[in-house]
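This report concerns only the one structure given below.
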There are 2 protein chains.
Amino acid sequence: MIRALLVDDHQLFGEGVRSMFKPNDGIEIVKITTNGNNVPSILSELEVDMILMDISMPLIDGVGVLELMKSKGLDVPVLMLTMHQDMKYIRKTLETGAQGYILKDASKAELTEAIVKVSRRENYFHPKINNQIFDYFRGNKNPSEGDLVDQISDREKEIIACIGKGMNSKAIAEALFISEHTVKTHRRNIMHKLAVKNTAELVTYSMEKGII
Amino acid sequence: MIRALLVDDHQLFGEGVRSMFKPNDGIEIVKITTNGNNVPSILSELEVDMILMDISMPLIDGVGVLELMKSKGLDVPVLMLTMHQDMKYIRKTLETGAQGYILKDASKAELTEAIVKVSRRENYFHPKINNQIFDYFRGNKNPSEGDLVDQISDREKEIIACIGKGMNSKAIAEALFISEHTVKTHRRNIMHKLAVKNTAELVTYSMEKGII
DNA sequence: TTCACGATACCACTTTAGGGGTATGCGCTC
DNA sequence: GAGCGCATACCCCTAAAGTGGTATCGTGAA
């Protein structure tokens, strides 16, 4: 029997998954929590073989919980359970040490397989995102092909956020206490880094990639 | 026993909810479909007391299914089940005739209550969105306060999509086989309707509201 | 210690967006 | 059938974005 902890802010989903597993499935959701911050204390109280965790949660997100666990030396395999197919999330979770990644539109059979594999510390990637994983590792060998997003500095992200709010270069300059020239230079650098043609595409790209 | 049909593209969620209800709960998910287009044929085969439906689905969305049902004269009460707390979705579903609206982070007790009420053709609104509903009806008396989004015509949405892709007015004109002047007029109208200052804000707003 | 990078700043220039009008034809509704 | 919204199209003009440079300073890595 695999003892699993479920971390998901959607109560319905959590209770649903719990009742989905019958005793002879070999999987039991021993605890559900909607607050990732509780994970360390739960792990100290309960014996848990693996953690099923949603990525996007209000108080602390999946990646945050992974980091929290790592900082406390808690080493329980984690299967990320999410709707997001974006490389941004997949990448972050894998980098932070998740054992697997499965989409919420998976079937019960797929989830079962994923839970079993992850509890054995094997990797599981949902078929739909397997190709993206390969692309990611390929991209890693060619840094030029790597994700454009993390070439953006914090200051540049500030600029992007202002642009998204509809501020023009002058307004941004005043808000950040810098010259309008500097803002324009930043804009240019950002556009080159993200390989976009104009502000509109810059905003679209930034929102899709979660910069904004 | 309330016989419910569940329409959700997330298999896991669907199977989870199904197994959540035990015989003595008085609720049975008699069928799960991931494709809303199948709803009419399912209703002709099975006796169903109410429909639990996700709003955002790939092939046909919840509102689309409601419209499809209405066009075929199918009158089964529908409880919308979703993560979206946006007024945009709530409003559309209510306007199209949904009986209730519940968030996916509800508890089993709340879902049960909602299903029972909806099956009796009573309304159910998740507590979290009740206030928004009131605001909506208040807003209805003041049409100026209404949602800006649905003042946007289909053509204008096309223009917005092109802008988001980084196309300039000339490129959009060529793509849509219209004059650049027309595109500029559209842009102006859109910006006025959405009350935004420039393209960047237009893109941000449109993405947040789901126009793009 | 040199070298790369980020943040800052400036100049000059072209292109595009944005705002002011006005207008016409089409389909729908009251 | 008058009015309304929508898509279409054109005019003029200003403000802003976007493109080409160059340059200084500080910090942290090789």
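The sequence lines fix the lettering, A, B, ..., with proteins before strands; numbering per chain opens at 1.
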When the distance from CE of A:Met191 to C1' of D:dG20 is rounded to whole Å, what number comes out? 13 Å
Below 4.0 angstrom, which residues in residues 173-187 of chain B have at least one non-hydrogen atom near DNA chain D? B:Ile178, B:Ser179, B:His181, B:Thr182, B:Thr185, B:His186
Separation of D:dT8 P from B:Arg188 CZ (nearest whole Å): 15 Å
Rounding to 0.5 Å, atoms CE (A:Met50) and CG (A:Leu79) come to a distance of 4.5 Å
At what angle, to 10 degrees, do the two end axes of the helix from C:dT1-D:dA30 to C:dC30-D:dG1 meet, given five pairs define each axis? 50°
Those residues that, when tested against A:Lys197, pass side-chain contact (heavy atoms from CB on, under 4.5 Å) (two or more places apart): A:Glu201
Mind checking side chain to side chain donor-acceptor pair (under 3.5 Å) for B:Glu158 and listing every partner two or more places apart, or none if nothing turns up? B:Arg155
Without decimals, in angstroms, what is the distance between A:Asn189 CG and D:dT22 P? 15 Å
Residues at least two apart in sequence or cross-chain that pass salt bridge (Lys or Arg N to Asp or Glu O under 4.0 Å) with A:Lys117, listed by chain then number, are A:Glu113
Closer than 3.5 angstrom, by distance alone: can the side chain of A:Arg3 be matched with the main-chain N or O of A:Glu47 as a donor-acceptor pair? yes
Determine whether B:Leu68 and B:Val39 satisfy the following criterion, side chain to side chain contact (heavy atoms under 4.5 Å, CB included), listing intermediate values before the conclusion. CA-CA 9 Å; B:Leu68 182 65; B:Val39 170; 5.7 Å; no
NA contact type, A:Arg155, heavy-atom cut-off 4.0 Å: base, sugar-phosphate, or nothing? sugar-phosphate
For every nucleotide of nucleotides 24-30 of chain D, 5' to 3': is a protein heavy atom under 4.0 Å from its base (B), only from its sugar-phosphate (S), or from neither (-)? -------
Considering every strand and a 4.0 Å limit on heavy-atom distances, what is the contact class for B:Asn198: base, sugar-phosphate, or nothing? sugar-phosphate
Can you tell me how far the CG atom of A:Leu81 sits from the CG atom of A:Leu111, to the nearest 0.5 Å? 6.5 Å
With a 4.0 Å cutoff (strictly under), does any side-chain N or O of A:Thr199 reach OP1 or OP2 of D:dG18? yes
Looking only at side-chain N and O atoms, does A:Ser169 come under 4.0 Å of OP1 or OP2 in D:dA17? yes
Distance check needed: D:dC6 P versus B:Glu158 CD, whole Å only. 15 Å
Look only at the side chain of B:Asn198 and the backbone of A:Gly166, and say whether a donor-acceptor pair between them is shorter than 3.5 Å. yes
State which residues pass side-chain contact (heavy atoms from CB on, under 4.5 Å) with B:Thr199; sequence neighbours excluded, sorted by chain then number. A:Ala200, B:Ile163, B:Arg187, B:Val203
Between which nucleotides of DNA chain C, read 5' to 3', does contact with chain A run, using atoms under 4.0 Å from its heavy atoms? C:dG6 to C:dC10
Of all residues at least two apart in sequence or in a different chain, which pass the salt bridge (Lys or Arg N to Asp or Glu O under 4.0 Å) check with B:Lys31? none
Taking only residues two or more places apart in sequence, or in another chain, which ones meet B:Lys184 in a side-chain contact (heavy atoms from CB on, under 4.5 Å)? B:Ser169
Who passes side-chain contact (heavy atoms from CB on, under 4.5 Å) against A:Ile32, sequence neighbours left out? A:Leu6, A:Arg18, A:Ile29
Please list, chain by chain and in numerical order, all residues satisfying salt bridge (Lys or Arg N to Asp or Glu O under 4.0 Å) with A:Arg121, sequence neighbours excluded. A:Asp75
Atom CD1 of A:Ile159 to atom C1' of D:dA17: distance rounded to whole Å? 15 Å
Among B:Thr185, B:Leu202, B:Leu176, B:Asn189, which residue satisfies the side chain to side chain contact (heavy atoms under 4.5 Å, CB included) criterion with B:Ile159? B:Leu176
